[in-house]
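Worksheet: the structure to be examined is printed underneath.
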Amino acid sequence: MAMRFVRSVLPQLGFVTRSVLGSNHQLKIQLYGHATGPLPVIREATEAEEDRVLNDPLKHPDFFHVSELFTLKDLFDARVHYGHKRGCRHRLMEPYLFGCRLEQDIFDLDQSVLHLQQALNFTAHCAYRKGIILFVSRARQFAHLIEKTAQESGEYAHTRYWQGGLLTNAHVQYATGVRLPDLIIFINTLNNVFEPHLAVRDAAKMNIPTVGIVDSNCNPSLITYPIPGNDDSPPAVKLYCKLFKMTILRAKDKRRQMDLLHGLQKD
Amino acid sequence: MSRPFSIRHLHPSFLHLHVVKHFTSSGRGGDRPACSSMSECRAADRLVSLAATRSGRSIGEPGGVSERPATGNMAGSRVRDLLRSGVLKEYQKPSWFDVYAAFPPKREPIYQKPKQRFGKAQDPVQEIFYQEDMIRAKFYEMYGNGPRAFDLSRSNFVSTCQRFVEKYQDLEAQGEADEEKLFEGTSRALLAEGIILRRKAGNRIPSKSLPGGVLQEAEAQGLVSDLKSQEAPKDGQEGSREETTQP
């Protein structure tokens, strides 16, 4: 492995190798004219440094500046304020509604902005701590978009049929010791038959925090960080995907930055 | 992916004797014990997963601890209580726990069943109506949908009805008081600007604006009943037809 690396670099650097083949002998390399200087030292972080890297961001109310990612006007232009009709309304969503215009429920975007900021902040911190994030949605219209978002942000998505024991019976369905997600993001809280998605209840059982877009026909009580807003219009869902992707990438970049700052080298 | 973990290093006192016999005699490494029954497998898995957690892995792995119903207390308070009581060790604390403690949600996520509303309980969500809705209702009553279709792709689009409303408000600001006169005046003004408004079937021109003595019933009562109802102005075409006497 190391030999292959050395051989590939050989023509460019022009150094001399005195190597002995065989897994038991160590490879000795002498570098001449190496432009970048001495190789960085790899060392394990001390307890205090790790604590600082992990806990300093918690002291700041908006460490990742997620509130700068969007404005109320962006939500309005993306038609986030449109709910379903009055007959579809879930009673527990009434606090989040601004009013009802000709039978169509309208969300209070002031509240939506605050909820979205909280949710994005939590997502960012989870991604910063290298948590596994799972995007869940059962809207077939947006399945591809959500899978693409998850892939681009380096996380996971499940937009297909949810088998009963995926979270609660993971040790049997996958393998023992499988790591469950640390955060589940619901772009649609309901499944194809307009019932609450099973993953909402299962995540609550398995102590996994959830972030979810709750429309006016959803039950927001089990979601840890609900975001009241439209989940059916393409512009709204595109906006959410864009925001989640930006927060996760931002948080991961920040983590890499902080690690480098404290003298750690990771692969 | 979890690291493979050998159960040989754990005290196998809970395992059945024949399982121990299989395992310790040969001395070969194994990631999973050779269990002959389901309960032994589950117990072994639980130990494997408990011991495998090193740095804040997901709480979902220990089987018995996390299987709780979704009602009642939720993850934040439940995990906090588990940590306090010592069931969960510090290294088993989930990575999101500190974040949850630092930024708690506005409302604790406890399951709530939606309650039915009975009898005289009012709808807490307010209706959204504007002053211009009176003018819009009259416009749709008289002219139906208007000559031009709505172009919703543009956010700065001004519909015929909106132009009517703005003109009406301008005339009202200029001092005109009578509703009928305002209405007619706005229609004439829009006609001057080039917008032709065709009346719906069943609406007659009121007698005051006509030169001759044509008897008509006023449309006022029909308009008032429509304004009070919940119907959309666009549904005025299917709505009630006001009484008009034919000459």
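Reminder, nothing fancy here: chain letters follow the sequence lines and each chain counts from 1.
Open room surrounds NZ on B:Lys115; 12 or fewer heavy atoms of other groups in view lie less than 6.0 Å from it. Within a 6.0 Å sphere centred on CZ of A:Phe63, heavy atoms belonging to other residues, nucleotides or ligands number more than 12. Other residues, nucleotides and ligands contribute only 12 or fewer heavy atoms inside 6.0 Å of the CZ atom of A:Phe76.
Note that the CG atom of A:Leu92 and the NZ atom of B:Lys113 stand 11.5 Å from one another [nearest 0.5 Å]. Between A:Asn55 atom CG and B:Asp98 atom CG the span is 6.0 Å, to the nearest 0.5 Å. Rounded to the nearest 0.5 Å, atoms CZ (B:Phe129) and SG (A:Cys100) are 8.5 Å apart. A distance of 5.5 Å separates CG in B:Asp123 from CZ in A:Arg86, rounded to the nearest 0.5 Å. Here A:Gln104 contributes atom CD and B:Ile128 contributes atom CD1; the two are 10.0 Å apart, rounded to the nearest 0.5 Å. Rounded to the nearest 0.5 Å, atoms CH2 (B:Trp96) and CD1 (A:Ile208) are 9.0 Å apart.
Neither the backbone nor the side chain of A:Leu183 has a heavy atom closer than 4.5 Å to any heavy atom of chain B. When heavy atoms are compared at a cutoff of 4.5 Å, A:Leu97 approaches chain B solely by way of its side chain, counted from C-beta outward. With a 4.5 Å cut-off on non-hydrogen atoms, A:Pro95 does not touch chain B at all. Using a 4.5 Å cut-off between heavy atoms, A:Pro226 does not touch chain B at all. Both the backbone and the side chain of A:Phe98 come within contact range of chain B, with heavy atoms under 4.5 Å apart.
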Please assess B:Val125 against A:Arg89 for the test side chain to side chain contact (heavy atoms under 4.5 Å, CB included), listing each intermediate value before the final yes or no.
CA-CA 10 Å; B:Val125 176; A:Arg89 190 194 303 160; 3.4 Å; yes
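Between chain A and the options B:Ser155, B:Pro124, B:Ala102, B:Ala101, heavy-atom pairs under 4.5 Å are most frequent for B:Pro124.
Judged purely by atom type and a 3.5 angstrom limit, A:Gln118 uses its side chain to pair as donor or acceptor with the backbone of B:Pro104. Judged by distance alone, with hydrogens and angles left aside, the side-chain atoms of A:Ser221 form no donor-acceptor pair with the main-chain N or O of B:Tyr111 at under 3.5 Å.
Residues satisfying the side-chain hydrogen bond (donor to acceptor under 3.5 Å, both in side chains) test with A:Lys73, not counting sequence neighbours, are A:Asp77.
Residues of residues 227-240 of chain A never come closer than 4.5 Å to chain B when only heavy atoms are counted.
The two residues A:Pro61 and B:Phe103 have their closest heavy-atom pair at O-CE2, 3.8 Å. B:Arg78 and A:Lys205 make their closest contact through NH1-O, 3.4 Å (heavy atoms, listed as atom of the first residue, atom of the second, distance).
Taking the side chain as every heavy atom from C-beta outward, B:Asp133 and A:Arg101 approach each other to under 4.5 Å. Contact annotation: the side chain of A:Thr224 approaches that of B:Pro109 to within less than 4.5 Å [non-hydrogen atoms, C-beta and beyond]. In this structure the side chain of A:Leu102 never reaches within 4.5 angstrom of the side chain of B:Glu127, judged on heavy atoms.
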